[in-house]
Enquirer: 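Have a look at this one.
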Amino acid sequence: MLFPLLLLGLIAVVVLWVIGLYNGLVGLRNQVANAWKQIDVQLKRRHDLIPNLVNTVRGMMKFEQDTLERVMQARAKAVSAVGVNAKGQAEGELTQTLGRLFAVMEAYPEFKSNQNAMQLQEELASTENKISFARQFYNDLVMRFNTAQQSFPANLFAASMGFKPAEFLEITEADRAVPTVDLSTGTPVAPAAQAS
């Protein structure tokens, strides 16, 4: 009589543990999705600010139209990117082109007197900081979610319950390279060009 009760109790504990595991993984998966949406909000703000900045500085940068076109092309690519890795790579390219634009802007003294351009540049810099923090938070949650799935004994059940590891946001090799600026011209020098 005692054995069936113990067996029933053990089954109840296992069922409750599986329910807790499932609910915990669902919670983490939703946190990862929310963190990604928070990054999306900041990226949308960034994407909205860029055309305003380009339009503000277009008249003052008559000789730098190529830089402005590259920024807008990188923005278009970032807006249309789909998926964590593709979006991360496109946003990395956009960050690089924005860095070039800011470096070129430093070479033009008339920008320092244009309050609208300076304000837009400050808003973009602030947004870049928010994006950086949101990416870090996202990767922290991805790590927790993936670790929860891969830890024993959860790893025995997670895949069968439909859970898959989330993708980390990774920076590209180009993002790892630190561009330098030749202050005599205000033009960024590519890391490969520096070595020669």
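Numbers here simply count residues along the sequence, with the first being 1.
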Enquirer: Quick check: is Phe152 connected to Val13 through a chain of hydrophobic side chains (ILVMFWY, heavy atoms under 4.5 Å apart)?
Expert: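 Result: no, two separate clusters.
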
Enquirer: Quick check: closest heavy atoms across Ala81 and Ala86, and the distance to 0.1 Å?
Expert: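 Where Ala81 meets Ala86 most closely, the heavy atoms are CB-O, 3.8 Å.
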
Enquirer: Do Val54 and Arg75 come close enough that some side-chain heavy atom pair is under 4.5 Å?
Expert: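 Of all side-chain heavy-atom pairs linking Arg75 with Val54, none is under 4.5 Å.
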
Enquirer: Of the non-hydrogen atoms in His47 and Val79, which two are nearest, and what is the gap between them?
Expert: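 Reported closest heavy-atom pair: ND1-CG2, 3.3 Å.
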
Enquirer: With side chains defined as the heavy atoms from C-beta onward, is the minimum distance between Thr127 and Ile131 less than 4.5 Å?
Expert: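 Counting from C-beta outward, Thr127 and Ile131 do come under 4.5 Å.
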
Enquirer: Return each pair, listed once, that meets salt bridge (Lys or Arg N to Asp or Glu O under 4.0 Å) where at least one residue sits in residues 28-44; pairs must be two or more places apart or across chains.
Expert: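 Found Lys44-Asp48.
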
Enquirer: Taking all atoms of both residues into account, what is the closest heavy-atom pair of Leu169 and Gly88, and its distance?
Expert: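 Shortest heavy-atom separation between Leu169 and Gly88 comes out as CD2-CA, 4.1 Å.
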
Enquirer: Are the side chains of Thr95 and Arg46 in contact, using a 4.5 Å heavy-atom criterion?
Expert: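 In contact.
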
Enquirer: For Ala159, does its backbone N or O pair with a side-chain atom of Lys164 as donor and acceptor, under 3.5 Å?
Expert: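 No.
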
Enquirer: Let me confirm one number: the CD-CE distance from Gln149 to Met161, rounded to the nearest 0.5 Å.
Expert: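 Gln149 CD to Met161 CE: 9.0 Å, rounded to 0.5 Å.
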
Enquirer: Within the distance-only criterion (no hydrogens, no angle test), does the side chain of Ser126 pair as donor or acceptor with the backbone N or O of Glu122 below 3.5 angstrom?
Expert: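 The answer is no, because no donor-acceptor pair under 3.5 Å joins these two groups.
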
Enquirer: For Glu167 and Asn85, which heavy atoms make the closest approach, and how far apart are they?
Expert: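 Looking at all heavy atoms of both residues, the closest pair is OE1-ND2, 2.7 Å.
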
Enquirer: Looking at every non-hydrogen atom in both residues, tell me the closest pair between Asn146 and Ala166 and how far apart they are.
Expert: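 Minimum heavy-atom separation between Asn146 and Ala166: OD1-N, 2.8 Å.
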
Enquirer: If hydrophobic clusters are built by linking Ile, Leu, Val, Met, Phe, Trp and Tyr wherever their side-chain heavy atoms come under 4.5 Å apart, do Leu98 and Phe133 end up in the same one?
Expert: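 Result: no, two separate clusters.
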
Enquirer: Under a single-linkage definition using a 4.5 Å side-chain heavy-atom cutoff for Ile, Leu, Val, Met, Phe, Trp and Tyr, are Met143 and Ile39 assigned to the same hydrophobic cluster?
Expert: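 Yes, Met143 and Ile39 fall within the same hydrophobic cluster.
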
Enquirer: Distance only, no hydrogens: is a donor on one side chain within 3.5 Å (strictly under) of an acceptor on the other, for Gln42 and Gln38?
Expert: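 No, no side-chain donor-acceptor contact under 3.5 Å.
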
Enquirer: Apply side-chain contact (heavy atoms from CB on, under 4.5 Å) to residues Leu25 and Leu21 and explain how you reach the verdict.
Expert: CA-CA 6 Å; Leu25 290 174; Leu21 171 69; 4.0 Å; yes

Enquirer: Do Val18 and Leu156 belong to the same hydrophobic cluster, where Ile, Leu, Val, Met, Phe, Trp and Tyr are linked whenever their side-chain heavy atoms lie under 4.5 Å apart, directly or via other members?
Expert: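 Same cluster: Val18 reaches Leu156 through Ile, Leu, Val, Met, Phe, Trp or Tyr contacts under 4.5 Å.
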
Enquirer: Is the number of heavy atoms from other residues, nucleotides or ligands within 6.0 Å of CZ (Phe168) greater than 12?
Expert: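 Yes, the 6.0 Å shell around CZ holds more than 12 heavy atoms from other groups.
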
Enquirer: Out of curiosity, Gln121 CD to Leu101 CG, how far, rounded to the nearest 0.5 Å?
Expert: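 Answer for the CD-CG pair, Gln121 versus Leu101, is 7.5 Å.
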
Enquirer: Flag the pair Leu43 / Leu94 as yes when at least one side-chain heavy-atom distance between them is below 4.5 Å, and no otherwise.
Expert: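 No - every pair of side-chain heavy atoms lies 4.5 Å or more apart.
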
Enquirer: Decide side-chain contact (heavy atoms from CB on, under 4.5 Å) for Leu6 and Leu10; before the verdict, give the C-alpha distance in whole Å, the side-chain angles of both, and the deciding distance to 0.1 Å.
Expert: CA-CA 6 Å; Leu6 286 175; Leu10 182 61; over 6 Å; no

Enquirer: Any chance you could measure Leu68, atom CG, to Ile50, atom CD1, to the nearest 0.5 Å?
Expert: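 Reported to 0.5 Å precision, the distance equals 11.5 Å.
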
Enquirer: Could you check whether any side-chain heavy atom of Phe163 comes within less than 4.5 Å of a side-chain heavy atom of Phe145, counting everything from C-beta outward?
Expert: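 SC-SC contact between Phe163 and Phe145 confirmed.
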
Enquirer: Whether the side chain of Ser132 engages the backbone of Glu128 through a donor-acceptor N/O pair (distance < 3.5 Å, no angle test) should be reported.
Expert: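 Here the side-chain-to-backbone pair does not exist.
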
Enquirer: Val84 versus Val142: any side-chain heavy-atom pair under 4.5 Å?
Expert: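 Contact flag for Val84/Val142 side chains = no.
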
Enquirer: With a 4.5 Å limit on heavy-atom distance, are the side chains of Leu141 and Arg144 in contact?
Expert: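 Side chain of Leu141 against side chain of Arg144, heavy atoms only: contact under 4.5 Å found.
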
Enquirer: If Ile, Leu, Val, Met, Phe, Trp and Tyr residues are connected whenever their side-chain heavy atoms lie under 4.5 Å apart, and connections chain through other members, are Trp36 and Val82 in the same group?
Expert: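 No, it is not one cluster - the side chains of Trp36 and Val82 are not joined through contacts under 4.5 Å.
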
Enquirer: Quick one, Leu53 and Val71 - any side-chain contact, counting heavy atoms below 4.5 Å?
Expert: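 A side-chain contact under 4.5 Å is absent here.
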
Enquirer: Taking ring-ring contact (aromatic ring centres under 6.0 Å, His included) as the test, write out the residues that go with Phe102, two or more places apart.
Expert: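 Testing Phe102 for ring-ring contact (aromatic ring centres under 6.0 Å, His included), a comparison that skips the adjacent residues, returns none.
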
Enquirer: Does Gln89 form a side-chain hydrogen bond (donor to acceptor under 3.5 Å, both in side chains) with Glu93? I'd like the steps, not just the answer.
Expert: CA-CA 6 Å; Gln89 192 169 27; Glu93 290 173 24; 4.8 Å; no

